[in-house]
There are 2 protein chains.
Amino acid sequence: MEPGGNVATQLRRGVLEHCVLAVLARSPEYAFELVRRLSAFDGLVTSEGTIYPLLSRLSRDGLVATTWQPSEAGPPRKYYDLTVAGRRALDAFAVEWTTFTDGVDDLLQQAGNGRSRGARGGRREH
Amino acid sequence: MEPGGNVATQLRRGVLEHCVLAVLARSPEYAFELVRRLSAFDGLVTSEGTIYPLLSRLSRDGLVATTWQPSEAGPPRKYYDLTVAGRRALDAFAVEWTTFTDGVDDLLQQAGNGRSRGARGGRREH
DNA sequence: GCCAGGTACCTTGTGACGCATGGAACCGGG
DNA sequence: CCCGGTTCCATGCGTCACAAGGTACCTGGC
């Protein structure tokens, strides 16, 4: 997978970060398990090389807190947990995400490629 | 707006390009008008500095064709029209887009931030 | 005739982020 | 004692949206 080459990679931009927050909102996880959890969702298959820098940023920005815990087999695990600020960031993203995808959906539908997401009627073209 | 700084900018990555294709699928447009059309949609407000390199890429890749046309007032306009390959690219993107956003929606919903998009039930977690 | 302002085109440099690659440390089994 | 799985982390690269800046055309006021 060449870096930045395909469409799916671009789609992950900015989204992956908040998907991590979404996973952590359910329960704290460590990086390796996080990759597996994300892989369960279409288009969110990623690797450690992506996750670690991402988690570093989240930690630096105070959106997640970390605690070390011993593992039964292997080196100790660094668990990441959502902070209050992280929860707020996730909430804020959810709003932006909904607005954004609604806009794109409307546009695609006008072009004849849209899904019918039920009549939410949020066209908003002036 | 500092470059690459906020979330909305990241969301546009890879999407904006195909939104341009979607607009052109309705009718050929020139760059200036294109920016205005996109601005009608939430989260797709952009500028010429973004559109021109983008259109150059689309043209280089054969997804759009260009024709010059005189304007009643001002310099001549370069109209961009969708090619067959462009139409195919748009179709392919629409599929990826739907799959991807469905996945993210499910994830956000599990975290308590999701919209209810009606029961399409596409969880797909294994 | 000339200059201000709107229209329309394009280029260059910057920054962010996802990814490939690769390395280090810890553990259990053969 | 080495080998493979687990888990952590750092470095370098490529792509893309954006800001800033530049050129050319046309109209209207003075």
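As the structure is a computational prediction, the values presented were derived from the model and not from experiment.
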Short side-chain donor-acceptor distance under 3.5 Å, A/D102 and A/T99: no
Output the single nucleotide from C/dC19, C/dC9, D/dT15 whose closest atom is nearest the side chain of B/R13. D/dT15
Keeping to residues at least two apart or across chains, list the salt bridge (charged side-chain N to carboxylate O under 4.0 Å, His left out) pairs with something in residues 43-58 of chain B. B/E17-B/R57
Name the orientation class of the two ring planes belonging to A/W97 and B/F100 (parallel below 30°, tilted from 30 to 60°, perpendicular beyond 60°). perpendicular
Are side-chain heavy atoms of B/F41 and A/D105 found at a separation under 4.5 Å? no
Given C/dC9, D/dC16, D/dC8, the nucleotide with the shortest approach to the side chain of B/E48: C/dC9
In whole angstrom, give the distance that lies between atom CH2 of B/W68 and atom C1' of C/dC9. 6 Å
Which Ile, Leu, Val, Met, Phe, Trp or Tyr residues join A/Y52 in one cluster when any pair of side-chain heavy atoms under 4.5 Å counts as a link? A/Y30, A/F32, A/Y79
For DNA chain C, the residues among residues 25-35 of chain A that have a non-hydrogen atom under 4.0 Å from it: none
Qualifying residues under salt bridge (charged side-chain N to carboxylate O under 4.0 Å, His left out), relative to B/E33, sequence neighbours excluded: B/R36, B/R37
Separation of atom CZ in A/R12 from atom P in D/dG14, rounded to whole Å: 19 Å
Is a donor on one side and an acceptor on the other found under 3.5 Å between the side chain of A/R12 and the backbone of A/G43? yes
Can you tell if the side chain of A/V104 reaches within under 4.5 Å of the side chain of B/T101, non-hydrogen atoms only? no
Under 4.0 Å: is that the gap between some side-chain N or O of A/R36 and OP1 or OP2 of D/dT7? yes
Strictly below 4.0 Å: does A/S71 bring a side-chain N or O up to OP1 or OP2 of C/dC26? no
Collect all protein-nucleotide pairs involving nucleotides 28-30 of chain C in which both atoms are nitrogen or oxygen and the distance is under 3.5 Å.
none

Tell me: CG of A/L16 to P of C/dC19, nearest whole Å? 6 Å
Expressed as a whole number of angstroms, how long is the span from B/Q69:CD to C/dA8:P? 13 Å
Euclidean distance, atom CG of residue A/L44 to atom C1' of C/dG18 [Å, nearest integer]: 13 Å
So what does A/S47 touch, heavy atoms closer than 4.0 Å: a base, only the sugar-phosphate, or nothing? sugar-phosphate
Identified side chain to side chain contact (heavy atoms under 4.5 Å, CB included) counterpart of B/Y80 within the set B/L24, B/V20, B/L21, B/V23: B/L24
With a 4.0 Å cutoff (strictly under), does any side-chain N or O of B/T50 reach OP1 or OP2 of D/dA17? no
Of residues 52-63 of chain A, the positions that come close to DNA chain C - non-hydrogen atoms, cut-off under 4.0 Å: A/L54, A/R57
Nucleotide C/dC19, atom C1' - distance to CD of B/Q10 in whole Å: 15 Å
Can you give the donor-acceptor pairs under 3.5 Å from side chains of residues 58-70 of chain A to other protein atoms, not counting sequence neighbours?
none

Tell me: CZ of B/R77 to P of D/dC26, nearest whole Å? 13 Å
side-chain contact (heavy atoms from CB on, under 4.5 Å) against A/T46, all qualifying residues, sequence neighbours excluded: A/L16, A/L38, A/T50, A/I51
Partners passing salt bridge (charged side-chain N to carboxylate O under 4.0 Å, His left out) against A/R26 (at least two apart in sequence or in another chain): none
A/N6 has an atom CG; how far is it from atom C1' of C/dC19, in whole Å? 10 Å
If you link I, L, V, M, F, W and Y whenever their side-chain heavy atoms are under 4.5 Å apart, who else ends up in the same group as B/V95? none
Mark up nucleotides 1-6 of chain C, 5' to 3', with B wherever a protein heavy atom is under 4.0 angstrom from a base atom, S wherever such an atom reaches only the sugar-phosphate, and - elsewhere. ------
Does anything in residues 86-98 of chain B pair up under salt bridge (charged side-chain N to carboxylate O under 4.0 Å, His left out), and if so which pairs, sequence neighbours excluded? B/R87-B/D91
